[in-house]
Every structure is written in structure tokens, then in C-alpha cells.
2 protein chains.
Amino acid sequence: MASRLVLRIQERYAKLTAGEKKLAQLILDRQDDILTHSATEIAEMAGVSKATAARFFQHLGYADFNEVKLQAREERNQSEPYELSVTNSDQMAMGRAIGAHLELELKNLTRTFEEMRSDKIREAAELIDKAPRVWVLGLGAEEGIARYVRLLFSRLRHSVMLLGINQGSWAEDLAMTGPKDVLLLITLPPHPPLLKSILSYAKTSRLNVVTITDRTSLFEMQRVSKVVLPCHVTSFALGASLTAVSSAVRLLALTYAAHAGKSAQQRAEIVDSIKEEFDSFN
Amino acid sequence: MASRLVLRIQERYAKLTAGEKKLAQLILDRQDDILTHSATEIAEMAGVSKATAARFFQHLGYADFNEVKLQAREERNQSEPYELSVTNSDQMAMGRAIGAHLELELKNLTRTFEEMRSDKIREAAELIDKAPRVWVLGLGAEEGIARYVRLLFSRLRHSVMLLGINQGSWAEDLAMTGPKDVLLLITLPPHPPLLKSILSYAKTSRLNVVTITDRTSLFEMQRVSKVVLPCHVTSFALGASLTAVSSAVRLLALTYAAHAGKSAQQRAEIVDSIKEEFDSFN
DNA sequence: GCAATAATGAAACAACAGTTTCATGATTAT
DNA sequence: ATAATCATGAAACTGTTGTTTCATTATTGC
């Protein structure tokens, strides 16, 4: 249930004045701050006077700021904790398709993480920590997310590489792998036959395979992996939903960052600063 | 989420006076209320005078109630942050990490779709339907998801291309674009400077820009886009969360598929059958 | 039971939040 | 260009919050 305040702001956004837009943007961005911050503080953060802030809420139809605060509290008490299913009335408000989509995605996410074992994640993080090199692999539809994963982890540690970055270079890349290296595999059914050959090679060269896949592939993948993190990927159409997968790899990266601690943090800072310099050329 | 306030109360609970125990109980029960309620309100709820409440916080070692409020805010920002740095990820105790992660992601998803306007999605789907060609663009961390988007849509229609697939080919690719083509842009802050130039070119060549971005970039992107679909990307660390973005592009694809109807479905079937044949060779 | 001490609330007070007024600067229409 | 309207911040003002004082009421130790 989006707060009435937010809905009201969006509805009237086009007609707001410059200062009011600053406020609107701030509030939409940081919706929770309405609950915790005073109008004066909000005005300061938005860079307008408190007079403008007071008027803003009046123009939105509230008698005073107190009314805003009370409404926000009331809405929080109704919707907290963040709900896992979408009520029918919610669906009406946002259009059937969006509501149904949201509900399915929430379900995927919730189930994925409720079933996720923190010891497995920690184990995966540890393997990655100990690995001389990390190879990321995603074939077909999973190539995109594999690239994202590589980027995520290469901010946190050295030697994170995409496996088979050009089609056909499997052999070369695989030849470079060593024992204790981690193969971070993202794969959803239908698993292409090519995967089988890569995994059998991985086995012989003693790669530690960390697999992120869907629930139904869990057992199949467990046979060839050290750690498997299964996700719920149910969808209406267009193949599996990557939403929970993307969230799971993110959690893995966060866990790794926590595990690796300072060194990961330092690296992230360095990478950022390099990027900044780089940007100034483009 | 054990706040210092709560710890302090628990530690000293035995030695508290009657009225202070009432306060303590209330605060332990409803920890979030410290963030949202005034000391006066808390006193009332606990059934004590505000004098007692003021003294209570002083006895706990705070200079005044304001210090309590600020500390509570700070602690909330650590477990529910807005900013995009790797700092603090190590402060998360792993057990709770999954729950906290899930909660944050659910919030991102829910807010994203509650605020999403179905007319905008439909408009985007329509633009894509009418476009002779669709160019997908994601720079930096968004390149991965851009590839995924291209794949999704290329199952549904012809002529879906990744823009600047090799760095440096911007110019060539952009030269090939025509009016009514759609540029499907996925971008999150910090937006690289290169984006500006690409967008200004897109404008002159009358590309219809459909942008998927985060809430904070909404207004900035609205100026250069036909349709903007904003997502909530709040995260603990490691930059923006792509979860809601990935879900949003999926919804867009689903909407497009529904819009395009039969033809998209047929195409998907053909693509699938080609892939099957292909697989049998690998 | 009776001081001595501690806890408490009412009221006084100081600080602050939120609203309104007013003067000024910006924008729009003519 | 000029007037008219609008948006805005500074400051005045009002009401609220949080702290402190003080008188009263419980508790404690003896």
C-alpha cells in the first residue's frame, strides 16, 4: 500500500513549484523520513525554507504537518511488516497485471530466502575468499547476470573473471584454472549441453563450484557443485524470473564483503576512485 | 537490530524505578516508536509524566532525549541505509542478514510496483511495438542487465540490438538509428558522463527513449526520455540493488508480450525451436 | 513509627517546531 | 515595458516539546 502522501505527490507533481518539487523528490526518495524527521529538518534537507515546507503540505490538502505525520504513522502500522502477499484491494489500485506480477515476485523472493541456508552462503563466501581466482559463468539468458556478478565481485577482490568471454574460448580459459579456484555458476533450466562438458572439466581440475540455480535443478546441480544456492524463479511466461536470482547473488556478495572485511572495503574504494578519474576523461 | 538503547535498558532493568520500568517495557515492546514518537507521547503511553521520561533517558546516560533520537536514527540508517558504499556491511550479524536483506528487497519491490503507473508501462510497450528497431543500452554495472533485456525482447520481436556492444562503436551504432526507434535505457547513478552525449544524440535523431532508472534519477531522466520507469534500489552496500530493476524490465517484457499478442508468442516459439536444434550440436 | 532518602507529577521555563505575515524577487500576461 | 500574479525566505508569532524546579508522596533503614 503506497502511502497516500506519495500518491498525492505523484498525482500533483507536474503542477508543483520549484521548491515544492525539491521537497517532493526528497520525500519520494526517502519515504520513511516523514515518520522520523521534523518538517524543519525535511525543509533543510530539501534546501528550502520551512515556510515553503509548511505550505507544501497544505497545498497537498493537509491541514498541517501533524496530519501528515499521523497519517504516515497509521499507514505504517497497517503495512508493517512488509507484506508478502498483495491484497485484492491493493491489486485493484495498481492494475491487475502489475499486482499479479508483484505478488509472484514477492513470493519468489520470500520463498527463496526463507529456504536459504545461511551456513551455505557463508561456506560459499569462504570458498570465494580462499580462491586464487574466481571464474563466473552464465550461459545463454544467464550471461547478462553473470557479467553483473563479475562486476560486483571484482569490486571486492582481484582476479574475478568471466569464463568464456568470447564464445569458443572455453578451452583456453579452462586451461588456465587451478585447484581451489571457484567457479561461480549461474544457470537456469533448460541447462545447455555445453554446461555438462564444462562442469566435467571443472571437476577434473578441482574447481570449487558454487552454483546459483532454481529449485528444480537443485539435486542435479548438487552432484557437481560444492555449494548450491537454489532460487524460486516462477513466472507467467518468458522463461524463469531472474529477480530472486539477482537478489541471491547480491546477498552472496554482501556476505562475502562482510567475510572479507577491510580488504574488500579498501578495494571497493580504490575501484571507485579509479572509476572517477576515468569518468573525467569521458 | 539490537540498538544501544535497548541494550542499555536491559542491562539496567533490575535497578530501574517503577515508573522507569513502565517506560522501559514500552520501549522494549515497541522499539521503533523511539524513531517516530516524541518523549511526551512515550511518557503518555507508558502512563508516566514527561518529567519522569526526561529523567529516565538521563539516567541511562544520555544528555537529553535528542541524543536518544539521533542515535536511534543512526542505527536505523545502518540497517536500512540509503547510501551506496561497502562500509558497514561487516557490521551485519550473518544470521539476521538474510532476514534483513529479504526485508529490504521486499520493500524495494513493493514500493517500485505500487508506484509504477500502468499507463506508462503500456505506453512503453506501445512504443516498442511501433519501433522499427529497439536499441538496448546499459553502461557499467548495468551492462549485464542490458544484455538480459536484449535477450528477453529478442525472443519477442525482431531487431533488438545492444547499443555499443564493443566499446567505441557508439558512433557507428548511433548512426544506424532512425526515428521511431526505441532506445531502452537502463541506468543507475552515478550516471557516466558518456550517457549525456549518447542521450543528446538520441534526441537529435528522434529516438524514443524508454528509461528504467532509480527514483532519485527520475526527474533528471524525465527530461530526456519519453517514458521513465523508476525503481527503488535501496541497498546496504555494494551500490544499488538491481532486484527491482530486473523485475521491472520483466514486467515491461510481459506487458509488451501481451500487447504484441500472437506475433510475439509465435516468435518466441520459433526462437525456442531454433535453440533446441542448436543445443543438439553443442 | 520516624527520619532520611528517593521517586514522582505539576508547573515553570527554555528551546524548538510549525504557521502566518510581509517584503522581495521571479514569472506571466498584456 | 508594465502590471499582475506567483513563489519564496526572513522574521514574527504561536503552540508544543523537553528539562528543571519544587512540593508532595512513597520507600527505605533504623
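Chain A is the first sequence line, chain B the second, and so forth, proteins listed ahead of strands; every chain is numbered from 1.
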note: B:Glu67, atom CD; D:dG18, atom P; distance rounded to Å ~ 15 Å
Determine the contact category for B:Asp64: base if any of its heavy atoms lies under 4.0 Å from a base atom, sugar-phosphate if only primed atoms, P, OP1 or OP2 are that close, otherwise nothing.
sugar-phosphate
When rounded to whole Å, the NZ to P distance for the pair B:Lys22 and C:dT8 reads 8 Å
- Would you find a donor on one side and an acceptor on the other, under 3.5 Å apart, between the side chain of A:Asn66 and the backbone of A:Lys69? no
A:Ser247 side chain to A:Thr243 main-chain N or O, any donor-acceptor pair under 3.5 Å?
no
Regarding the side chain of A:Arg55, the nearest nucleotide among D:dT17, C:dT21, C:dA17 is C:dT21
Testing D:dT8, D:dT19, C:dA17 for proximity to the side chain of A:Thr52, the answer is D:dT8
Atom CD1 of A:Ile42 and atom P of C:dG18 are separated, to the nearest Å, by 8 Å
Taken to the nearest whole Å, CZ/B:Phe57 to C1'/C:dT8 is 16 Å
request  = Name the nucleic acid region contacted by B:Ala53, choosing base, sugar-phosphate or nothing; use a 4.0 angstrom heavy-atom cut-off, strictly under.
outcome  = nothing
Whole-Å distance, A:Lys15 NZ to D:dA7 P, equals 13 Å
With B:Glu105 as partner, the option from A:Leu109, A:Thr112, A:Leu106 fulfilling side-chain contact (heavy atoms from CB on, under 4.5 Å) is A:Leu109
Across the strands shown, which category fits B:Ala51 at heavy-atom distances under 4.0 angstrom: base, sugar-phosphate, nothing? base
Considering only heavy side-chain atoms of A:Thr17, the closest of C:dA17, D:dA7, C:dT20 is D:dA7
Assign each of B:Lys50 and B:Gly19 the nucleotide of DNA chain C bearing its closest heavy atom; nearer the 5' end lies the nucleotide of B:Gly19
When rounded to whole Å, the CZ to P distance for the pair A:Phe56 and C:dT20 reads 17 Å
B:Ala18 has its side chain closest, among C:dG18, D:dT19, C:dT8, to C:dT8
> Hey, is NZ on A:Lys21 packed in by over 12 heavy atoms from elsewhere, all under 6.0 Å?
Replying inline: yes
Atom CD of A:Glu44 and atom P of D:dA10 are separated, to the nearest Å, by 11 Å
Between NE2 of B:His37 and P of D:dT17 the distance, given in whole Å, is 12 Å
- Message: OP1 or OP2 of C:dG18 versus the side-chain N and O atoms of A:Gln58: is any pair under 4.0 Å?
- Response: no
Of A:Ile9, A:Val68, A:Ile42, the one forming a side-chain contact (heavy atoms from CB on, under 4.5 Å) with A:Phe56 is A:Ile9
*Counting only side-chain N and O atoms of B:Thr40, is one of them less than 4.0 Å from OP1 or OP2 of D:dG18?*
yes
